[in-house]
Amino acid sequence: MHRRSTVGEPVLLGKPTVGDEELAAVAEVFRSGWLAGAGPACRRFEERFAKLTGTAHALTTSNCGSALFLGLKVLGVQPGDEVIVGDYTFPATGHAVLQAGAKPVFADIRPDIFSADPAAIEALITPRTVGILAVDVAGQPGDFDEYRAIADKHGLWLFEDAACSAGATYRNRPAGSLADLAAFSFHGRKGITAGEGGALVSNREDLIAHARKIHTYGIEPAFTREGSQELPIPTFHELGWNFRLSDIQAAIMGVQLDRLPDLLSARRSVAKRYHEAFEDVDALTVPVEAPDREHPWQAYLMTVAPEISRDALALRIREQGVQCNFGTYASHLQPVYGEQQPLPVSADAFRRQLAIPMHAELTDSEVERVVATVREAVSALS
């Protein structure tokens, strides 16, 4: 166990931006009397979120994991199917494939932006492959035009894991609009947040309508039956789950959408300062923003030179009260997925990437402290 810092208040790795506006929105829900899930506040947020993502339809969900699972179910995933998954991601992505009864087949990644390498995807396609689940690592979209060409060539569907991507763009198109379906997260460390929550978006009305039904036990949500002139008694025709977002959370998310431009601007400003501060540190490689994309900077992931222990560096930084962590997972190395082929680029990123504080609440002095602490730690270990 590393020693507890004695250097004052920590600089947090992540921190939500919430305040009186969110409290007022929650109070309005309290006054309405509809606190449960899939109600009027959810519908209002869904309409706005669909516009943000450049799609025709959105469905709020309890979290991103449930959105991924619902998406796979309505795409028709069956036991015995294979789904190609970008490897460098929190295992919620691969878990959703397992939960849907299929096998995740992990694809190695680009060494610069860490999303799935299109060539690696194409090499993994077999007669059992039904689709591609591509991850926007740290929020930056992958190579979706190339993914789409591969999917169309082989008759596959394309699903965007946009958990971190609210506000990102790819070739002037918003994250969420780049595939047949996309799933978002509103977890506390994401760019916009209600503490938890998620959304599924698509231009295909049939997919979202089906997902809306099975995310409420297999029946239409109660709100859709409001105002009926008859006594509506739903009939259960298929198995469903309770994956609804509460209207309390949806009200918070409405305010978060209002905040999004300022939140993105603040994160981009911090990323620029980090770029400038670390560009002369040979032992660190700063993250890349592809020129045809807008990165939302959900996380700032630096790559540590192989001659320095990333773990030793992280512990030294933490001892000075600056929070940091590994980047994310090389999913193919996790035992839950069984035997997988070696994926050297993703495995290397898993060993060497370091996440440092990134959120919209970072002050100038905190950014300066992060920079000084990281530089000192690198110097001490070099």
Asks: Between atom CG of L156 and atom CD1 of I150, what is the distance when rounded to the nearest 0.5 Å?
Replies: 9.0 Å

Asks: Hydrophobic cluster mates of M253, side-chain heavy atoms under 4.5 angstrom, ILVMFWY only, any path?
Replies: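 For the cluster that includes M253, the remaining residues are F45, F49, L52, F184, F186, I192, V201, L257, L260, L263, L264.
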
Asks: Do V11 and L362 have side chains that get closer than 4.5 Å, going by heavy atoms?
Replies: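 In short, these two side chains touch, coming nearer than 4.5 Å.
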
Asks: Taking all heavy atoms of G139 and all of A168, pick out the closest pair and write down the distance.
Replies: O-CB, 3.4 Å

Asks: So that I can tick it off, tell me whether E47 and R43 are bridged by a salt bridge, with the cut-off set at under 4.0 angstrom between side-chain N and carboxylate O.
Replies: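 Answer for the salt bridge query: no.
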
Asks: Once side-chain hydrogen bond (donor to acceptor under 3.5 Å, both in side chains) is applied, do any residues pair with S185, and if so which ones, sequence neighbours excluded?
Replies: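 Residues passing side-chain hydrogen bond (donor to acceptor under 3.5 Å, both in side chains) with S185: none at all.
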
Asks: Would you give the length of the straight line joining atom CG of L381 to atom CD1 of I317, rounded to the nearest 0.5 angstrom?
Replies: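 L381 CG to I317 CD1: 8.5 Å, rounded to 0.5 Å.
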
Asks: Would you mind checking if E289 and R268 are paired as a salt bridge, meaning a charged N to carboxylate O distance below 4.0 Å?
Replies: no

Asks: Can you tell me if R171 has over 12 outside heavy atoms packed within less than 6.0 Å of its CZ?
Replies: yes

Asks: Hey, are R351 and D348 close enough for a salt bridge, meaning a charged N less than 4.0 Å from a carboxylate O?
Replies: yes

Asks: Salt bridge check, R369 against E366: does any charged N sit closer than 4.0 Å to a carboxylate O?
Replies: no

Asks: Would you say R273 and V370 make side-chain contact, with heavy atoms under 4.5 Å?
Replies: no

Asks: Would L333 and V135 show up in the same hydrophobic cluster when neighbours are defined by side-chain heavy atoms closer than 4.5 Å?
Replies: yes

Asks: Drop me the distance from T193's OG1 to K15's NZ, to the nearest 0.5 angstrom.
Replies: 14.0 Å

Asks: State, without any angle test, whether Q334 and Q340 hold a side-chain donor-acceptor pair at a distance under 3.5 Å.
Replies: no

Asks: Hey, are the side chains of R267 and M358 touching, using non-hydrogen atoms and a 4.5 Å cut-off?
Replies: yes

Asks: Compare all side-chain heavy atoms of L124 with those of Q341 and state whether any distance is below 4.5 angstrom.
Replies: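 Yes. Closest side-chain heavy atoms under 4.5 Å.
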
Asks: Would you please test V367 and Y274 for side chain to side chain contact (heavy atoms under 4.5 Å, CB included) and show each step?
Replies: CA-CA 8 Å; V367 172; Y274 282 160; 4.0 Å; yes

Asks: Please determine, by modelled atom types, if S165 and Q298 share a side-chain donor-acceptor pair under 3.5 angstrom.
Replies: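 On atom types as modelled, these side chains do not qualify, holding no pair under 3.5 Å.
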
Asks: Before giving the answer on side chain to side chain contact (heavy atoms under 4.5 Å, CB included), spell out for Q353 and V304 the whole-Å C-alpha distance, their side-chain angles and the decisive distance to 0.1 Å.
Replies: CA-CA 6 Å; Q353 285 217 309; V304 180; over 6 Å; no

Asks: Listed by chain and number, what are the side chain to side chain contact (heavy atoms under 4.5 Å, CB included) partners of N63, not counting sequence neighbours?
Replies: S66, E196

Asks: Test of understanding: clusters of I, L, V, M, F, W, Y form through side-chain heavy atoms closer than 4.5 Å, transitively. Do V130 and I132 belong to the same one?
Replies: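 No, V130 does not connect to I132 through the hydrophobic network.
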
Asks: Under the ring pair (Phe, Tyr, Trp, His ring centres under 6.0 Å) rule, what pairs show up with a residue in residues 120-153, not counting sequence neighbours?
Replies: F144-Y147

Asks: Could you tell me if the side chain of C64 sits less than 4.5 Å from the side chain of H187, heavy atoms only?
Replies: no

Asks: Just jot down the side-chain hydrogen bond (donor to acceptor under 3.5 Å, both in side chains) partners of R293, sequence neighbours excluded, or say none.
Replies: D143

Asks: Less than 4.5 Å apart, any side-chain heavy atom of V378 and any of L284?
Replies: yes

Asks: Quick check on D282: does its CG atom have over 12 non-hydrogen neighbours (other residues, nucleotides or ligands) under 6.0 Å away?
Replies: no

Asks: State plainly whether one hydrophobic cluster holds both L200 and V97, where clusters connect Ile, Leu, Val, Met, Phe, Trp and Tyr through side-chain heavy atoms under 4.5 angstrom apart.
Replies: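 Yes; tracing contacts between hydrophobic side chains, which count when under 4.5 Å, links both residues.
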
Asks: Honestly curious: do I356 and L13 fall in one hydrophobic cluster under the side-chain, below-4.5 Å linking rule?
Replies: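 No, separate clusters.
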
Asks: Can you name the residues that form a side-chain hydrogen bond (donor to acceptor under 3.5 Å, both in side chains) with H332, not counting sequence neighbours?
Replies: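 Partners of H332 under the side-chain hydrogen bond (donor to acceptor under 3.5 Å, both in side chains) test: D87.
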
Asks: Do other residues, nucleotides or ligands put more than 12 heavy atoms under 6.0 Å from D206 CG?
Replies: yes

Asks: Please test Y337 against F106 for ring pair (Phe, Tyr, Trp, His ring centres under 6.0 Å), starting from the C-alpha separation and ending with a verdict.
Replies: CA-CA 10 Å; Y337 301 120; F106 295 103; 4.9 Å; yes

Asks: According to ring pair (Phe, Tyr, Trp, His ring centres under 6.0 Å), does anything in residues 154-180 pair up with another residue at least two apart or in another chain? List the pairs.
Replies: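 Qualifying pairs, neighbours excluded: none.
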
Asks: Take L354 and F326 through the test side chain to side chain contact (heavy atoms under 4.5 Å, CB included) and record every step on the way to the result.
Replies: CA-CA 5 Å; L354 178 73; F326 65 97; over 6 Å; no

Asks: Go through the steps for L245 and T61 under the test side chain to side chain contact (heavy atoms under 4.5 Å, CB included), then give the verdict.
Replies: CA-CA 5 Å; L245 189 77; T61 63; 6.0 Å; no

Asks: Assign the ring pair F243 / F69 to parallel, tilted or perpendicular, where the plane angle (0 to 90°) is split at 30° and 60°.
Replies: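 F243 and F69: perpendicular rings.
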
Asks: Measure the spacing between CG of L12 and CD of Q323 and express it to the nearest 0.5 Å.
Replies: 5.0 Å

Asks: Which distance, rounded to the nearest 0.5 Å, do you find between the CG of L207 and the CZ of R212?
Replies: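 Nearest 0.5 Å value for the CG-CZ distance: 13.0 Å.
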
Asks: Indicate, with yes or no, if V345 and V105 share a hydrophobic cluster defined by side-chain heavy-atom contacts under 4.5 Å among Ile, Leu, Val, Met, Phe, Trp and Tyr.
Replies: no

Asks: Answer yes or no: is there a side-chain heavy-atom contact under 4.5 Å between F30 and I248?
Replies: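 Touching, per the 4.5 Å side-chain cut-off.
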
Asks: Start with the C-alpha distance between D180 and R148, add both sets of side-chain angles, then the distance that settles salt bridge (Lys or Arg N to Asp or Glu O under 4.0 Å), and finish with yes or no.
Replies: CA-CA 10 Å; D180 299 302; R148 173 58 74 188; 3.4 Å; yes

Asks: Of all the heavy-atom pairs spanning A183 and L68, show the shortest one and how long it is.
Replies: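 Scanning both residues completely, I find the closest heavy atoms to be CB-CD2, 3.7 Å.
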
Asks: Could you work out, with side chain to side chain contact (heavy atoms under 4.5 Å, CB included) as the rule, every residue matching A277, not counting sequence neighbours?
Replies: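 Expected list: V371.
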
Asks: Is the backbone of A182 close enough, under 3.5 Å, to the side chain of E160 for a donor and an acceptor to pair up by distance?
Replies: no

Asks: With sequence neighbours left out, what residues match I214 under side chain to side chain contact (heavy atoms under 4.5 Å, CB included)?
Replies: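 Partners of I214 under the side chain to side chain contact (heavy atoms under 4.5 Å, CB included) test: L70, K73, V74, H210, E238, W241.
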
Asks: Who pairs with E361 by side-chain hydrogen bond (donor to acceptor under 3.5 Å, both in side chains), at least two apart in sequence or on another chain?
Replies: T17

Asks: Check whether S265 reaches the backbone of D262 with its side chain - one donor and one acceptor, N or O, closer than 3.5 Å.
Replies: no

Asks: Side-chain contact, heavy-atom cut-off 4.5 Å: F90 with D161?
Replies: no

Asks: Ring centroid separation for F236 and Y217, is it under 6.0 angstrom?
Replies: no

Asks: List the residues meeting side chain to side chain contact (heavy atoms under 4.5 Å, CB included) with A305, not counting sequence neighbours, and say none if there are none.
Replies: A283, E307

Asks: Assess the side chains of H295 and Y300: does a donor N or O sit below 3.5 Å from an acceptor N or O?
Replies: no

Asks: Find the distance between CG (L343) and OG (S331) and round it off to the nearest 0.5 Å.
Replies: 9.5 Å

Asks: Can you run down the side chain to side chain donor-acceptor pair (under 3.5 Å) pairs that involve residues 373-382, sequence neighbours left out, and say none if there aren't any?
Replies: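 Qualifying pairs, neighbours excluded: D280-R375, R316-E376.
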
